[in-house]
Every structure is written in C-alpha cells, then in structure tokens.
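So that the names make sense, note that chain A is the first sequence line, chain B the second, and so on, each numbered from 1. Below, all heavy atoms of this structure are taken into account, side chains as well, without hydrogens, waters or symmetry copies.
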Protein chains: 2
Amino acid sequence: MDRPELPLPQLHAFVVLAEELHFGHAATRLGIAQPPLSQQIRRLEDKVGHELFTRAPGHVALTPAGRELLPAARRALTDLADGLAAARAVGSGRAGRLRIGFAASLALTVLPGLLRTFRDQSPGVHLDIHEMTTAPQIAALHDKSIDIGLLREPPTDETELGFRTVLSEPFVAVLPSAHPLAAQRTVRLAQLADSPFVLLPRTAGPTLHDQIVGLCTAAGFTPRMVQHAVEWQTVCALVETGLGVSVAPASIRRIRLKGVAFRRIEPGTARTRVAVAWRANDSNPLVNRLLAAISQDPPNRPR
Amino acid sequence: MDRPELPLPQLHAFVVLAEELHFGHAATRLGIAQPPLSQQIRRLEDKVGHELFTRAPGHVALTPAGRELLPAARRALTDLADGLAAARAVGSGRAGRLRIGFAASLALTVLPGLLRTFRDQSPGVHLDIHEMTTAPQIAALHDKSIDIGLLREPPTDETELGFRTVLSEPFVAVLPSAHPLAAQRTVRLAQLADSPFVLLPRTAGPTLHDQIVGLCTAAGFTPRMVQHAVEWQTVCALVETGLGVSVAPASIRRIRLKGVAFRRIEPGTARTRVAVAWRANDSNPLVNRLLAAISQDPPNRPR
DNA sequence: GCGATCCATACGCCCAGAGATATCAGACCA
DNA sequence: TGGTCTGATATCTCTGGGCGTATGGATCGC
C-alpha cells in the first residue's frame with residue numbers, strides 16, 4: 001500500500017462539484033467561497049495529472065478521467081464516514097460484541113435479569129453467551145475467547161482477572177421426593193451421611209466441589225459419590241430417579257422437577273458465591289458497561 | 001456527505017501499524033522515524049475519540065474500535081489508489097472508451113487498418129463501433145452518443161465539428177454482369193442515362209447523394225431512381241438482380257458479388273472524400289490519439 | 001540490577017494547503 | 001454596449017500537521 005497522494009478535502013470538493021456541476025453552488029454547499037473551491041479542484045487536477053472537469057462558461061462537466069475517479073472518491077468518503085461512525089459506536093460501547101460465559105445454574109437466576117438490564121442500556125451490542133463451568137471460564141478468559149465470566153466460587157490466585165461477587169446464597173439438599181428426609185422442612189447435613197451422592201465433577205469447578213465436600217467433612221462424613229454430571233439439570237434428573245442425593249446452591253430451586261425436593265440445610269451459614277469475572281487489563285468499554293449494569297441492578301438474592 | 005474528519009496520512013499509518021503491530025517496524029515501513037508515527041496514531045485516536053491500539057510493552061494490539069475502523073480505512077486507501085490509477089490511465093489515453101460511427105462502405109477499407117493501428121498503440125482502450133450513415137453520425141456527434149465519425153462528404157456548415165479527409169476516391173459504375181456496358185473496361189456516365197438507378201436515400205447522406213446526382217446532371221441526364229437502400233451491400237445485391245445500376249465510391253469494389261461488375265468512370269476527375277469527424281471542443285485525449293493514428297497510418301488509397 | 005527494547009513526550013522547524021478578499025476575463029443577454 | 005453570471009487568478013494569512021532530534025519511562029531478560 002503506497003502513501004496516499006490525494007488529500008481527502010480535495011476529494012470531497014471534487015465529489016460535491018461533480019454533483020452540482022456548478023462552482024458557486026458547490027462552494028456554498030461546502031460552506032466556502034468560490035475561489036478556494038477553484039483552487040481545490042485545481043490542486044487535485046495537478047496531482048492526478050489530468051483535468052477532471054471541462055469548464056465551458058455556464059457548463060461544467062466531468063471529463064472521462066473525472067468520471068473514472070468519481071466512484072472511487074465517493075466510496076472512499078462514505079467508507080470512511082461509516083467506518084468512523086462504527087468505530088465511535090464500538091469505542092463508546094454503543095455497539096460491538098461481548099462474549100459471556102456463564103454457569104448453567106445461573107441460567108434461571110442472575111443471567112436473565114442481567115441480560116435484560118444490559119440490553120436495555122446497550123441495544124446495539126451483540127451478546128454471545130456460552131454455558132460453561134467455572135474452570136473453563138477461567139481458561140477462556142485467559143485465552144480471550146470470552147470477555148466476561150459468570151461463575152461460582154472464584155479462585156483467589158488469579159492476578160490477571162478481576163472478580164466481583166454478585167450473589168451469595170446458601171446450600172440446599174436435593175432429595176428424591178420419596179426420600180425420608182423430604183418430609184422435613186429442613187435437613188442437617190449429617191443426616192445425608194448414608195445416602196449416595198450425585199455431584200458435578202471436581203474438574204468442572206474445583207472450588208465449589210471442594211467446598212461441598214468440605215461441608216460434609218465438617219459434618220463428620222465423607223460423601224460417597226455414585227455419579228458425576230456436568231450440569232445441575234442432570235444432577236436433579238439423576239436425583240429424581242432415586243440414584244442419590246445432592247447438595248447444591250439454592251439457585252437450583254428454579255429447576256422444578258416433580259420428583260425432586262429441595263430442603264434448606266441447617267445451619268445455613270455456609271454460602272456459595274457467584275461472581276462476575278473479567279480480564280483486569282481489558283480495555284473493551286463493554287466490559288465496564290456490563291459491570292456497571294450489574295452494580296446498578298444487583299441480583300443480590302436468589303429469586 | 002459530510003466533510004472528511006480523518007486525514008489520509010494518519011489512516012495510512014494506522015493501517016500499516018495494524019499490520020505490523022509494532023511501532024518501530026511500522027515506522028520503518030512508512031519511511032519515517034518512530035516518534036512521528038506515535039504522533040500520527042495519537043492524533044487519529046484523538047479525532048476518533050477512542051483508543052485504536054492497546055500498548056502493552058512488547059505487545060501492540062487493536063482495540064475493538066480499531067478493528068472496526070481498519071477495514072474501512074483499508075478499503076478507502078485501496079479505492080483511492082485504484083481510482084487514481086484508473087483516472088490517470090484514462091486521462092493519458094492509455095485506457096477508456098471511444099465510440100466510433102462509421103459508414104458501412106468503409107468497413108472493408110479504411111476501418112480495419114485504422115482499428116488495428118489504434119489498438120496496437122492503445123491496447124487498453126475499448127472501442128465501440130457503430131455502423132451508421134453520414135447524417136446520423138453528425139447528429140450522434142452533436143448529442144455525444146459517438147466521439148468519432150468516419151463518414152463521406154462532410155458537410156461544410158458544421159462549426160462545432162472538426163473534419164479531416166482521410167481518403168479521396170473516384171466513383172465507379174456498379175453494373176449487373178449481364179449489362180452491355182459491363183463489357184467495357186471504363187464507362188462514361190452519360191451511357192447510364194437510360195438505366196434505372198439504385199442509390200442510398202438522400203436522408204442517409206445528402207452531400208454524397210447530391211454529388212452523385214450532380215455528376216449525372218453534369219453528364220446531361222437526371223438519374224431515374226427505382227429503389228433506395230440504406231447500405232451499399234444492399235445496393236450491390238439489388239444491382240445483381242438486374243433491378244438497375246448504380247454509381248458508388250470505389251471502396252465498394254471490396255464487396256465482391258459474382259453477378260456485379262464495377263467499372264471505372266471516365267473521366268475520373270470527380271472524387272468523393274471520406275473524412276474523420278470529431279467534436280472540436282472534445283477534451284477526450286483518446287480522440288486526439290485516434291486522429292494521430294490516422295495521420296501516422298494514412299489510408300490514402302483505396303485498397 | 002543493568003542494559004536492551006519499545007513506546008511516549010517535548011520541542012522546534014517548516015511547508016502544504018485551506019481560507020479570505022479583490023480583481024480579471026469570457027460568454028450571454030437585453 | 002453595458003450588465004450579469006461564471007469561473008480563473010493574484011495575493012495574503014494562518015494553522016495544522018508531518019518530520020526530525022533528544023529524552024523520559026516502563027518492562028523484560030540475563
């Protein structure tokens with residue numbers, strides 16, 4: 001690509017004159033006097049090396065060379081105007097694309113409100129949402145395949161990522177309706193000691209997994225795993241079949257299955273945090289806009 | 001169309017930097033020092049209103065806004081470079097389009113050589129050739145639907161057109177082979193006084209028509225028209241059928257029909273001129289190139 | 001900790017070009 | 001023939017920006 005030879009102001013004058021075919025009118029449209037316009041055209045013709053207009057008195061017309069240059073000039077000007085507008089829209093966060101990873105358990109709680117709030121504020125922004133568990137979200141943030149993560153139990157050793165807790169919720173026991181404990185309003189964790197467990201695999205989200213196992217350990221037993229499933233939806237389905245019980249964040253109450261009962265765990269002091277995560281050095285203004293949307297409309301309780 | 005906000009040199013620098021993603025290398029490619037490049041980018045970012053690159057030490061990358069602007073900038077630059085090259089090619093006569101009207105009788109004589117010469121000199125030029133008689137050529141030159149005319153007997157009262165004679169040729173008698181006069185090597189015009197005539201209609205080319213009729217009148221008779229035809233080819237075909245005789249420019253000897261004889265007219269003083277015609281005020285360089293091609297390769301005798 | 005690398009900043013030079021006003025020249029019309 | 005319209009020319013001003021050199025500051029690798 002060579003260095004540009006034709007200044008844009010002259011091309012603009014050229015295009016306008018080509019439309020008006022009248023120096024006086026074109027100058028008026030350009031907001032300048034007529035002599036400067038004559039100069040602009042003259043300079044442009046000097047650079048092109050050929051006349052672009054024939055000036056018969058009372059009749060200005062394009063030469064073949066001018067006819068050849070006109071569409072290119074027009075395209076260049078509109079391209080730049082459009083490109084500039086688009087760049088400004090993206091730069092100011094009025095448009096663009098934001099890739100969001102989210103934990104499946106949030107699909108029914110924090111995610112809908114967040115998306116609605118953000119879309120209202122930034123209707124021009126395209127949102128790509130990808131369901132993924134915590135660990136893949138961290139990796140995806142690092143390799144820049146997502147810009148925002150909505151995840152559980154953020155790791156504490158991530159210096160390049162920012163985290164902000166958006167929700168703190170207790171745990172619930174997930175029981176088949178037929179389970180004896182389902183008759184109680186609340187459940188103490190130790191009562192689950194003998195039941196087989198269904199949980200997410202540790203690789204999906206080690207922190208949350210360790211937290212749940214830790215709770216059981218504190219209650220005096222080691223949970224006996226019979227099955228792993230990568231989505232809470234699946235966990236509930238497995239519980240429904242009577243395969244086992246589970247312990248899960250309260251959000252999953254939103255998953256309504258006939259044969260599954262959710263029971264508050266006593267004491268309810270242990271809580272799991274849902275956080276939004278982003279690259280600390282991300283200059284994309286949409287990231288900050290989304291964080292602002294979260295602050296403005298905090299989903300601070302499980303609904 | 002608004003006045004352009006982004007200077008092209010800055011956009012050029014932007015595009016190069018977006019390709020190199022390295023200020024030093026980009027500056028070298030642009031042939032300038034590094035600080036000026038930093039300034040260019042800075043000024044461009046000021047005008048856009050947003051950063052276009054993230055400058056992490058050792059790692060320059062486009063922002064979303066920059067990614068949005070880049071294709072538009074690239075398109076604009078290539079469009080202008082291409083448009084400028086095309087305009088220069090057209091302006092210098094290396095490319096473009098030339099519309100030529102020509103009399104059908106020249107299709108076998110002056111036209112082929114002229115086209116060959118011109119195409120050799122200006123291979124990039126597209127030639128539109130249109131067969132038409134003299135009067136329509138004059139009209140087409142005036143309304144600019146052709147740029148060049150090749151016609152017979154140019155009118156003398158056309159101030160806005162330029163003419164140059166390219167060929168002066170005698171007349172021949174066109175006879176059926178069976179005609180008694182076909183036995184002679186030459187024919188005196190008065191010998192045709194009793195034969196019916198086939199000619200082009202006067203509207204096709206009044207000057208040539210009047211000239212032929214004038215020759216007959218000078219020879220002491222008024223030709224008796226039995227048929228008009230708008231092409232010499234047709235005239236010859238009609239003569240072949242024995243419908244009549246004709247008087248035509250010698251060029252039409254090139255039309256070879258078994259049953260038609262061409263005979264020199266004695267005395268051969270009367271000649272018809274073939275001229276090239278153009279708009280005197282036409283600034284199209286291709287017109288002058290074509291005129292130059294004619295001067296260089298004069299088709300000065302009927303072949 | 002010490003260069004090396006890389007980009008930003010500061011400052012100065014200089015010119016192309018965009019703008020204005022005043023004036024001229026040709027064509028056309030009354 | 002003189003007025004009008006149109007575009008060109010002449011001349012001046014001013015500023016944006018393109019480029020240079022010198023220097024500062026941050027990060028990285030050894």
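One donor-acceptor pair, N or O on each side, does fall under 3.5 Å between the base of D/dA8 and the side chain of A/Gln34.
A salt bridge does not link A/Glu51 to A/Arg67: none of the charged nitrogens lies less than 4.0 Å from a carboxylate oxygen. One finds no salt bridge joining B/Glu160 and B/Arg279 here, because no Lys/Arg side-chain nitrogen approaches an Asp/Glu carboxylate oxygen to under 4.0 Å. Comment: B/Arg88 engages A/Glu5 in a salt bridge, judged by a side-chain N to carboxylate O separation of less than 4.0 angstrom.
Within the structure, a side-chain polar atom (N or O) of B/Gln40 is placed less than 4.0 Å from OP1 or OP2 of D/dG18. At C/dC7, none of the side-chain N or O atoms of B/Ser38 fall inside 4.0 Å of OP1 or OP2 (strictly under the cut-off). Of the side-chain N and O atoms in A/Arg55, none sit less than 4.0 angstrom from OP1 or OP2 of C/dG26. Residue A/Arg42 has no polar side-chain atom (N or O) positioned under 4.0 Å from OP1 or OP2 of D/dG7.
Protein atom CZ of B/Phe53 is 15 Å distant from nucleotide atom C1' of C/dC6, rounded to whole Å. Taking atom CG on B/Leu37 and atom P on D/dG20, their separation rounds to 11 Å, with Å as the unit. Straight-line distance from the CD atom of A/Glu160 to the P atom of D/dT27: 14 Å, rounded to whole Å. For B/Leu17 and C/dC6, the CG to P distance is 14 Å, given to the nearest whole Å. The separation between B/Ile41 atom CD1 and C/dA8 atom P is 9 Å, rounded to whole Å. Protein atom NE2 of A/His12 is 11 Å distant from nucleotide atom P of C/dG19, rounded to whole Å. Between A/Asp46 atom CG and C/dA16 atom P the separation is 13 Å, expressed in whole Å. Note: CG (A/Leu8) to C1' (D/dG18) measures 16 Å, nearest angstrom.
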Under-3.5 Å N/O pairs linking protein and nucleotides 11-15 of chain C:
from: C/dC11; atom 1: N4; to: B/Gln39; atom 2: NE2; distance (Å): 3.2

For nucleotides 3-5 of chain D, list the nitrogen or oxygen atoms of the protein found under 3.5 Å from its nitrogen or oxygen atoms, one pair per line.
none

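Of the candidate nucleotides D/dT9, D/dG17, C/dA18, D/dG17 has the atom nearest to the side chain of B/Gln10. Distance from the side chain of B/Arg43 is smallest to D/dG17 among D/dC19, D/dG17, D/dT21. Comparing atom distances between the A/Phe23 side chain and each of C/dT9, C/dG17, D/dG7 picks out D/dG7 as nearest.
Both B/Ile32 and B/Lys47 lie close to DNA chain D; mapped to their nearest nucleotides by heavy-atom distance, the more 5′-ward contact belongs to B/Lys47. If you find the closest nucleotide of DNA chain C to A/Ala33 and to B/Pro36, the one lying nearer the 5' end belongs to B/Pro36.
Residue-environment remark: CZ (A/Arg164) exceeds the threshold of 12 foreign heavy atoms within 6.0 Å.
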Under the side-chain contact (heavy atoms from CB on, under 4.5 Å) criterion, do B/Thr272 and B/Leu167 qualify, and how do the steps go? CA-CA 8 Å; B/Thr272 171; B/Leu167 178 67; over 6 Å; no
side-chain contact (heavy atoms from CB on, under 4.5 Å) between B/Phe163 and B/Thr156: does it pass, once the steps are laid out? CA-CA 9 Å; B/Phe163 295 97; B/Thr156 52; over 6 Å; no
Audit row: A/Leu77, A/Arg74, side-chain contact (heavy atoms from CB on, under 4.5 Å) steps and yes/no: CA-CA 5 Å; A/Leu77 290 173; A/Arg74 211 193 295 268; 6.0 Å; no
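The closest side-chain heavy-atom distance from B/Glu131 to B/Phe102 is below 4.5 Å.
Side-chain contact, A/Glu158 with A/His142: a donor N or O sits under 3.5 Å from an acceptor N or O.
Side chain of A/Arg119 to backbone of A/Thr117: no donor-acceptor contact under 3.5 angstrom is found.
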